[in-house]
There are 2 protein chains.
Amino acid sequence: MENKGNFGQAASVPAARERPTLKTIAFMTGLGVTTVSRALKDAPDIGAETKERVRMVARQLGYQPNRAGVRLRTGKTNVIALVLSIDEEIMGFSSQMVFGISEVLSGTPYHIVVTPHSHSKDPMLPVRYILETGSADGVIISRIEPDDPRVRLLTERGMPFATHGRTDAGLTHPFHDFDNEAFAHQAVERLVKRGRRRIALLQPPSKLTYYAHIRIGFQTGLHDYGAEEVPLRVNTDAPLADIRDVVEVMMRAANAPDGIVCSAGSAAIAVNAGIEAAGKALGRDLDMVSKQSVPILNWIRPEIITAQEDVRQAGREMAKAVIARIDGVEPELLQSISQPIWPENGR
Amino acid sequence: MENKGNFGQAASVPAARERPTLKTIAFMTGLGVTTVSRALKDAPDIGAETKERVRMVARQLGYQPNRAGVRLRTGKTNVIALVLSIDEEIMGFSSQMVFGISEVLSGTPYHIVVTPHSHSKDPMLPVRYILETGSADGVIISRIEPDDPRVRLLTERGMPFATHGRTDAGLTHPFHDFDNEAFAHQAVERLVKRGRRRIALLQPPSKLTYYAHIRIGFQTGLHDYGAEEVPLRVNTDAPLADIRDVVEVMMRAANAPDGIVCSAGSAAIAVNAGIEAAGKALGRDLDMVSKQSVPILNWIRPEIITAQEDVRQAGREMAKAVIARIDGVEPELLQSISQPIWPENGR
DNA sequence: CATTTCTACTGTATCGTTACAGATTGCATT
DNA sequence: AATGCAATCTGTAACGATACAGTAGAAATG
């Protein structure tokens, strides 16, 4: 609780041991509350010497503006809402993102509020809540669809936001994305260089935008390097057991692939299990390339060829983008795409 | 921003399209603002019919109390701060905890604010910040030490909190913990049942409380089932590469262990790599038991014997505990310990 | 009938901050 | 000397909610 009584002090000035407010500083400097407020904001109508004096006292007292006061008066919440899908990732995907974001926010007055939601439920709910209650100055969302209704709504309402992933319907907004097209293309290249020609793709669910990016990169890769696709009837969102089973069946078939491209690290673990269940071996019977956000796959099978997606970096970029957007920077200038990193030798 | 101008309406009553406040409801019901406030809190001095009427209108309008207003007036933030160590876990440990917490908070007015900090820096910093700025009603912390200064400080200041892990210095406080002693004991039991007698332990850093729990369970296990310890000079916090190297050396030695107990899932991956680098095989030359918070190890090596720690459940328990503590429930009643879950056959 | 008691409701002040509309001062200009 | 004009500083009101100290009217009490 922030409110404690004032003991043995003039009622209007916070006691020394209380948390200091503008009033405290005003009292100590002999200035008016308004002057102190404006001095701390470096307003042009306050004398240089006064500003200096106020800043000194404020620092001395360890003054921190009361967030509730600011928020009530100005509507500025100093909150960035991170909307996460609960089932987003089994492996620390979202934690890395949180850490990346908070790295950037730690130098600012912003706090992160995490708003998870099960993606079986309506993904619009958390966004609507934030808009209706005005509970954040900016929003970060992921699992973006080509014509994402959340992006539409946030744009329409003028709420600053950044996305992890792009849209594809003429919507302009801040985003950070991994170059999934480049990844898939380069993945095929690597497989073909190892003499693989019959390649399967474990792709993301088709409703997400990057499904298309992966597909295009994959297909131009097949074309450019002369390989063909072996269809795989399961996506990265499927339960790991399903992925394993489907891959096992595929690998036992006569026309089994000799290469697999996998668009998610956790799914790669299941794919690997399916391969082994079919009695095949990576490096011998086939090769696998996978994207991963946490460097773990090579600990499992050094033979897996991995591309790293730096999710913490993504978090940083998005945090910077939202803040810039809040500060009025044009969305066009707040878009970035990161390239896959191919560690030369796992580990 | 929460503040928009009022267009074409009496200045004192929010326009219909604005977010409704108590004033809106007061206007619509013809009651005073105070009455509305008290009616919504179900205060005893308001008539039953009036309460009903106010509630109806409030629901109709989708009224949600303005958090800044409440916070400014009462000091109640409706925020639970989750203090996370950035390097806590490579694998989705913390995300699971966040999801567990938010499951519980979703039915309440509480929000989660995530406050990460690098544990190379002073772990007291975030806690001090929260206390000084009064920015939360409750706190959740992890990586607890036997005489944890954060626990001392929070207790001293009367800030409700819950911990993931216990202290061991006569401090009474809400916590949720995994029964690491039972885990280590049962782990040894399982190894001995498979005929293993020379067992190594990959233990947590000794400053954490559960180091002692693991040690005791391990040692009584060795004693009860008749086995001996092979020392392992590295802990679960070490870089994975270090763990692998140390384990490899150990496994190549003449007196290599035939069993390993591992207190963290991510470390188990590195231990496994070390074993394989030394040319040994799980199930043949030795067995390994590991705790894990995300069911991943058996996808890597089905031979690893795993015990599951349900971190999402831990999150739920801690969230419930902090809220109960905020509501004045005695700390003694808010302590829980979860047992290791041994899935009969991995997967 | 006067008085007390109770029920149901309300006005005012306040939390900390900032927008806004002044107010004061000194100094240069007429 | 009067006026204008920066340059500085300040009081008041307001954001939305609630604690507190009432008030009005009805009902119970004597």
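Quick note on labels: first sequence line is chain A, next is B, and so on, each numbered from 1. No hydrogens, no waters, no symmetry mates; every other heavy atom, side chains included, goes into these values.
Here C/dC15 presents its C1' atom at 12 Å from CD of A/Glu18, a figure rounded to the nearest Å. Computed from coordinates, the B/Lys23 NZ to D/dA17 P distance equals 10 Å when rounded to whole Å. Between the CG atom of A/Leu72 and the C1' atom of C/dT14 there is a distance of 12 Å, rounded to whole Å. Across the protein-nucleic acid pair, A/Arg67 atom CZ and C/dT18 atom P stand 13 Å apart, rounded to whole Å. Here C/dG16 presents its P atom at 9 Å from CZ of A/Arg19, a figure rounded to the nearest Å. Between the CG atom of B/Leu22 and the P atom of C/dC15 there is a distance of 19 Å, given to the nearest Å. Between the P atom of D/dA14 and the CG atom of B/Asn66 lies a distance of 17 Å, rounded to the nearest Å. Per the geometry, CD1 belonging to B/Ile25 stands 14 Å off P belonging to C/dT10, to the nearest Å.
Judged by distance alone with a 3.5 Å cut-off, a donor-acceptor contact links the side chain of A/Arg73 to the base of C/dT18.
By the 6.0 Å contact criterion, CD on B/Glu52 is enclosed, its count of non-hydrogen atoms from other residues, nucleotides or ligands being greater than 12.
Closest non-hydrogen pair, A/Lys51 versus A/Ile46, comes out as CE-O, 3.3 Å. Nearest heavy-atom pair, A/Gln335 versus A/Thr172, reported as atom, atom and distance to 0.1 Å: NE2-CG2, 3.9 Å. Closest heavy-atom contact between B/Arg19 and B/Pro65: NH2-O, 3.2 Å.
Scored by the salt bridge (Lys or Arg N to Asp or Glu O under 4.0 Å) test, A/Asp327 finds no partners at all (sequence neighbours excluded). The salt bridge (Lys or Arg N to Asp or Glu O under 4.0 Å) check on A/Arg325 picks up nothing, with sequence neighbours excluded. With sequence neighbours left out, A/Glu132 forms a salt bridge (Lys or Arg N to Asp or Glu O under 4.0 Å) with no residue at all. Residues passing the side chain to side chain donor-acceptor pair (under 3.5 Å) test with B/Thr167, sequence neighbours excluded: B/His173.
If you find the closest nucleotide of DNA chain C to B/Gly69 and to B/Gly30, the one lying nearer the 5' end belongs to B/Gly30.
Neither OP1 nor OP2 of D/dG16 sits under 4.0 Å from any side-chain N or O of B/Tyr63.
If one axis is set at each end of the helix from C/dC1-D/dG30 to C/dT30-D/dA1 from five pairs, those axes are 70° apart, to 10°.
Under the 4.5 Å side-chain criterion, counting only non-hydrogen atoms from C-beta, B/Val83 is in contact with B/Ile130.
Listed by residue number, A/Val33, A/Thr34, A/Ser37, A/Lys41 are the residues of residues 32-52 of chain A with a heavy-atom contact under 4.0 Å to DNA chain C.
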